[in-house]
Amino acid sequence: MTTPRLVAFDLDDTLAPSKSAIDPRIGDLLVALAERVEVAIISGGQLGQFTAQVVERLPEASDDVLSRLHLMPTCGTQYYRLTPAGIETVYARTLTDDQKTRALTAVEEEARRLGLWASETWGDILEDRGSQITFSALGQTAPVDAKMAWDPTGEKKNALRDAVAARIPDLEVRSGGSTSVDITERGIDKAFGMRQLAEQTGIDLDDMLFVGDRLDEAGNDYPVLAMGVACQAVEGWPDTAAFLEQLIPTLPTR
């Protein structure tokens with residue numbers, strides 16, 4: 001591809017371990033990258049996770065550099081920018097009450113039927129993120145080691161995803177992080193987020209690069225690959241850091 005003008009990232013297991021803060025090495029690299037190109041983060045998580053995991057962990061940077069950071073929670077159904085006054089909302093779409101009710105019912109019933117509804121968890125299994133319903137098998141705050149051990153092959157998540165999708169065909173159901181399944185409006189996925197980035201920034205999709213750990217067909221990063229955006233597959237934040245350390249020196253400074 002040509003030199004990217006915008007680099008977008010998944011969050012969990014790409015920039016940081018699931019629900020965990022970024023390593024200082026990643027923080028330094030994100031700022032160094034934003035000194036050269038626009039930087040976006042698109043994830044199934046909500047804004048609070050973006051803030052705690054990334055924004056509050058970034059090293060000191062100028063307002064001009066921080067303004068190049070685009071935050072797209074819940075797979076791009078929400079879009080925020082950093083300003084000197086704080087986090088500014090560009091847009092936020094929400095599911096209807098009927099959509100939320102049907103999604104919550106379907107995912108709980110199918111998880112119980114498949115034996116995937118845990119009796120002891122770290123926090124709530126189901127979360128209403130406004131524009132997305134998220135199932136987290138072990139709870140929202142489960143430790144990383146427990147999450148990684150729960151479904152190392154992805155078989156459980158994929159079975160649940162298929163069962164729920166059959167129940168609510170008008171909504172989008174995707175395998176998310178290590179223990180999660182995300183439900184949004186139909187057609188709302190990370191490809192939607194990338195198209196919104198193109199519209200909002202004026203940067204063509206051909207000039208974008210996406211970095212993610214779930215580019216397999218069942219993963220929630222796959223729609224970006226399927227739409228033809230250049231992608232870099234990684235298997236965790238150290239992979240991402242190593243890739244950025246090679247990429248950044250090739251990019252022109254502003």
Side-chain angles (χ1 to χ4, degrees), residues 3-92 129 140-141 143-144 176-178 190 193-194 196-197 200-201 203 207-214 220-221 224 231-232 234-254:
T3 300
R5 296 173 57 200
L6 181 148
V7 181
F9 300 88
D10 170 50
L11 178 50
D12 283 347
D13 300 319
T14 296
L15 290 176
S18 181
K19 302 284 177 61
S20 302
I22 57 171
D23 186 88
R25 181 180 169 199
I26 286 289
D28 290 340
L29 288 166
L30 288 176
V31 168
L33 185 64
E35 290 172 347
R36 293 162 171 79
V37 298
E38 301 294 311
V39 177
I41 302 173
I42 304 179
S43 169
Q46 59 184 331
L47 180 61
Q49 289 174 238
F50 281 58
T51 302
Q53 290 181 249
V54 181
V55 177
E56 293 176 352
R57 303 289 179 156
L58 291 174
E60 193 76 20
S62 69
D63 290 339
D64 185 48
V65 169
L66 292 178
S67 72
R68 298 186 197 123
L69 188 62
H70 307 256
L71 307 177
M72 305 193 81
T74 55
C75 295
T77 54
Q78 300 171 20
Y79 183 12
Y80 303 90
R81 302 289 299 275
L82 297 185
T83 72
I87 297 176
E88 177 184 273
T89 303
V90 179
Y91 68 73
R129 297 179 176 175
Q140 296 295 326
T141 60
V144 173
S178 50
K190 291 184 181 179
M194 296 297 287
Q196 290 298 311
L197 274 174
Q200 295 287 338
T201 64
I203 297 174
D207 293 322
M208 296 185 184
L209 170 66
F210 179 84
V211 182
D213 72 304
R214 290 301 312 277
N220 65 355
D221 295 333
V224 182
C231 292
Q232 174 68 34
V234 295
E235 294 184 357
W237 75 262
D239 267 8
T240 302
F243 171 69
L244 289 178
E245 286 167 348
Q246 291 185 329
L247 174 67
I248 290 171
T250 72
L251 302 174
T253 56
R254 289 182 182 249

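- Panel note: side chain Ser20, backbone Ser18; a donor-acceptor pair is recorded below 3.5 Å.
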Please tabulate, for the side chains in residues 70-84, all donor-acceptor contacts under 3.5 angstrom to protein atoms that are two or more places apart in sequence or on a different chain.
residue: His70; atom: ND1; partner: Tyr79; partner atom: OH; Å: 2.7
residue: His70; atom: ND1; partner: Arg81; partner atom: NE; Å: 3.4
residue: His70; atom: NE2; partner: Glu38; partner atom: OE1; Å: 2.7
residue: Thr74; atom: OG1; partner: Thr77; partner atom: OG1; Å: 2.4
residue: Thr74; atom: OG1; partner: Ser131; partner atom: OG; Å: 2.9
residue: Thr77; atom: OG1; partner: Thr74; partner atom: O; Å: 2.8
residue: Thr77; atom: OG1; partner: Ser131; partner atom: OG; Å: 2.6
residue: Gln78; atom: OE1; partner: Tyr80; partner atom: OH; Å: 3.0
residue: Gln78; atom: NE2; partner: Arg129; partner atom: O; Å: 3.3
residue: Gln78; atom: NE2; partner: Ser131; partner atom: OG; Å: 3.1
residue: Arg81; atom: NH2; partner: Ser67; partner atom: O; Å: 2.6
residue: Thr83; atom: OG1; partner: Ala85; partner atom: N; Å: 3.2
residue: Thr83; atom: OG1; partner: Gly86; partner atom: N; Å: 3.3
residue: Thr83; atom: OG1; partner: Gly86; partner atom: O; Å: 2.8

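- The shortest side-chain heavy-atom distance between Trp237 and Thr14 does not fall under the 4.5 Å cut-off.
- Using a distance-only test at 3.5 Å, with no hydrogens or angles considered, no donor-acceptor pair links the side chain of Gln232 to the main chain of Val211.
- Taking the side chain as every heavy atom from C-beta outward, Leu6 and Leu197 approach each other to under 4.5 Å.
- In this structure a side-chain-to-backbone donor-acceptor pair under 3.5 Å is present from Thr201 to Ile203.
- With sequence neighbours excluded, the residues satisfying side chain to side chain donor-acceptor pair (under 3.5 Å) with Glu245 are Arg25.
- For the pair Met208 and Val7, the minimum side-chain heavy-atom distance is 4.5 Å or more.
- Every residue was checked against the side chain to side chain donor-acceptor pair (under 3.5 Å) condition with Gln196, not counting sequence neighbours, and none meets it.
- Listed by chain and residue number, nothing satisfies the salt bridge (charged side-chain N to carboxylate O under 4.0 Å, His left out) test with Asp12 (two or more places apart in sequence, or in another chain).
- In this structure, the side chain to side chain donor-acceptor pair (under 3.5 Å) partners of Asp64, at least two apart in sequence or on a different chain, are Arg68.
- Closest approach of Ala34 to Val65, counting heavy atoms only: CB-CG1, 3.6 Å.
- Listed by chain and residue number, Trp122, Asp145, Ala146 satisfy the side-chain contact (heavy atoms from CB on, under 4.5 Å) test with Pro143 (two or more places apart in sequence, or in another chain).
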query: Which is it for Glu35 and Thr253 under the side chain to side chain contact (heavy atoms under 4.5 Å, CB included) test, yes or no, and what are the steps along the way?
result: CA-CA 7 Å; Glu35 290 172 347; Thr253 56; over 6 Å; no
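- Nearest approach of Val144 to Pro17, heavy atoms of both residues: CG2-CB, 3.9 Å.
- Residues Leu251 and Thr3 are in side-chain contact: their nearest non-hydrogen atoms beyond the backbone lie under 4.5 Å apart.
- Remark: Lys19 pairs with no residue by the salt bridge (charged side-chain N to carboxylate O under 4.0 Å, His left out) rule, at least two apart or across chains.
- Between Val37 and Pro4, the shortest heavy-atom distance links the atoms CG1-O, 3.3 Å.
- Put simply, the side chain of Val54 does not reach to within 4.5 Å of the side chain of Ile26, judged on heavy atoms.
- With sequence neighbours left out, the side-chain contact (heavy atoms from CB on, under 4.5 Å) criterion links Asp239 to Val234, Glu235.
- Residues Phe9 and Leu244 meet the side-chain proximity criterion, which asks for heavy atoms closer than 4.5 Å.
- Among residues two or more places apart in sequence or in another chain, the salt bridge (charged side-chain N to carboxylate O under 4.0 Å, His left out) test is passed with Asp13 by none.
- Among residues two or more places apart in sequence or in another chain, the side chain to side chain donor-acceptor pair (under 3.5 Å) test is passed with Thr240 by none.
- Counting all heavy atoms, side chain and backbone alike, Gln53 lies closest to Ala16 at NE2-CB, 4.2 Å.
- When all heavy atoms are compared, the tightest approach of Ala61 to Val31 is CB-CG1, 4.0 Å.
- Taking CD1 of Ile248 as the reference point, atom CZ of Arg36 lies at 6.5 Å (rounded to 0.5 Å).
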- request: Check the pair Val39 / Leu30 against side chain to side chain contact (heavy atoms under 4.5 Å, CB included), numbers first and verdict last.
  value: CA-CA 8 Å; Val39 177; Leu30 288 176; 4.2 Å; yes
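- Residues Leu66 and Leu58 have side chains in contact (heavy-atom distance under 4.5 Å, counting atoms from C-beta outward).
- Remark: Arg57 pairs with Ala21, Ile22 by the side-chain contact (heavy atoms from CB on, under 4.5 Å) rule, at least two apart or across chains.
- A salt bridge between Arg214 and Asp10 is absent, with no side-chain N of the basic residue lying under 4.0 Å from a carboxylate O of the acidic one.
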